[in-house]
Amino acid sequence: MSLSLQSSPSSFLSSSLPKLRLGFANGCSSSSLLFKFNASFPAIRASSGFSSSLDTGLRTELDAVSTFSEIVPDTVIFDDFEKFPPTAATVSSSLLLGILSLPDTVFRNAVDMALADSTCSRLDNPELRLSCFFNKALVNVGGDLAKLVPGRVSTEVDARRAYDTHGIIRRVHDLLKLYNEIDVPPERLLFKIPSTWQGIEASRLLESEGIQTHLTFVYSFAQAAAAAQAGASVIQIFVGRVRDWARNHSGDPEIEAAIQRGEDPGLGLVTKAYNYIHKYGHKSKLMAAAVRNKQDLFSLLGVDYVIAPLKILQSLKESVTAPDEKYSYVRRLSPQSAANHNFTAEELTKWDQLSLASAMGPASMQLLAAGLEGYVNQANRVEELLDKIWPPPNV
């Protein structure tokens, strides 16, 4: 998943990049990926005063919705990246799998250079050596991406440490040290951490050091509120995954309460989390992912970031809206509306490990476990591939 995390994108770096397509095995979804190239093209964000080149007063739906939220393309490498240039990127085990599966990709040299790292190669313990190669590969690719996008690069933190607060912190410090060695400053970086209690606590401690964190796999209000209290820079909620669970399961009190109120449980979770963050002055930015259709996006206008699939972006770009069109684009989420939301005493608790565990229902527990399993499997696969090709030729 590529992130666009600037309040207003800066000018892009000019570069001439080859068109590249990566295929991903094991059914990896694009939301767990990837990177995008950025050339000297205009950003997706449009000003509210946009008009067409013919000054007809017409504008696209994409222009209209982009005045409320920052709309971010969610895709693997795509040929038409000129149409939807990103402003930031994510480097992950999914990305490394893609690079390793296609030796001629742009970033393969970054991985090969990681395998040639003498510090890692000198380690006698095979597990430590592979972990060192893995970290180095993530950072080398992340460093290349930082040269291509003006925004922040989010780096996945090993999900195998998801229940180890100090293990997460050590891994982030290791990654940050490696980024420092290649002159990527901390303000250009986010560290993507699963929203277990241990991950949320690690986020709190890292943010207190000035290290920006990106908490993912948030599927309940309790997780979102705890992440906001921890001061996470970015909190990511997967709208469609919550909805999918609700369609196929029952027995989750939070989801059933949303349905009884006539709400879509995924959209309702984003709305409630946004209201909490803004009503109580938390610094976190909210990211809505797994958006499945245009109506989802319209229902979330005002949220900080929306990760949207290319098919939705293309539809928005091809749909023209006139000033007098009967459908009006309304900001659904705003600090003003957040101020009017009422929370229960239980929702306003100071979250700790026990209260979080008690509040997370079967939906968030199962979805969190599934997300972690996917990340762990990808990380294991990356290390298996690195082990097979090390040492590289001429090393």
Check your understanding: Stepwise, does the side-chain contact (heavy atoms from CB on, under 4.5 Å) test hold for Y163 with W197?
Key -> CA-CA 8 Å; Y163 292 97; W197 169 254; over 6 Å; no

Under 3.5 Å, side chain of [X] to main-chain N/O of [Y], donor-acceptor pair present?
X	Y	answer
S299	Q295	yes
Q229	W351	yes
S319	S315	yes

Please determine whether the number of non-hydrogen atoms from other residues, nucleotides or ligands lying under 6.0 Å from atom [atom1] of [X] exceeds 12.
X	atom1	answer
H166	NE2	no
E187	CD	yes
K283	NZ	yes

Point to revise | Intermediate values then yes/no, side-chain contact (heavy atoms from CB on, under 4.5 Å), L316 and K294 | key: CA-CA 8 Å; L316 291 169; K294 289 202 292 187; 3.4 Å; yes

For [X] versus [Y], what's the shortest heavy-atom pair and its separation?
X	Y	answer
G167	R161	O-CD, 3.7 Å
L372	A159	CD2-CB, 4.2 Å
Y179	G143	CE2-N, 3.9 Å
S93	V382	O-CG2, 3.5 Å
A162	I168	O-CD1, 4.0 Å
I259	P265	CG1-CD, 4.4 Å

Point to revise | Distance (rounded to the nearest 0.5 Å) between Q198 CD and I169 CD1 | key: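 Separation between the atoms: 11.5 Å.
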
Check your understanding: Can you tell me how far NZ of K136 sits from OG of S131, rounded to the nearest 0.5 angstrom?
Key -> 13.5 Å

Check your understanding: Under the side chain to side chain donor-acceptor pair (under 3.5 Å) criterion, do S94 and Q378 qualify, and how do the steps go?
Key -> CA-CA 6 Å; S94 296; Q378 291 164 3; 2.8 Å; yes

Point to revise | Aromatic centroids of Y329 and F68 separated by under 6.0 Å | key: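 No: the rings miss the under 6.0 Å criterion.
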
**Study point:** Centroid-centroid under 6.0 Å between Y276 and H282 rings
**Key:** yes

Check your understanding: Strictly by modelled atom types, are D63 and T60 linked by a side-chain donor-acceptor pair under 3.5 Å?
Key -> yes

Check your understanding: With a 3.5 Å cut-off and no angle check, do the side chains of Q314 and E318 form a donor-acceptor pair?
Key -> yes

Exercise for review: Check the pair T155 / V139 against side-chain contact (heavy atoms from CB on, under 4.5 Å), numbers first and verdict last.
Suggested key: CA-CA 8 Å; T155 303; V139 168; 5.6 Å; no

Practice item. Apply the test side-chain contact (heavy atoms from CB on, under 4.5 Å) to residues C120 and W390: give CA-CA distance (whole Å), side-chain angles for both, the deciding distance (0.1 Å), then the verdict. Key: CA-CA 11 Å; C120 299; W390 184 83; over 6 Å; no

Practice item. Kindly assign one of parallel, tilted or perpendicular to the pair Y219 and F217, based on the angle between their ring planes and the thresholds 30° and 60°. Key: parallel

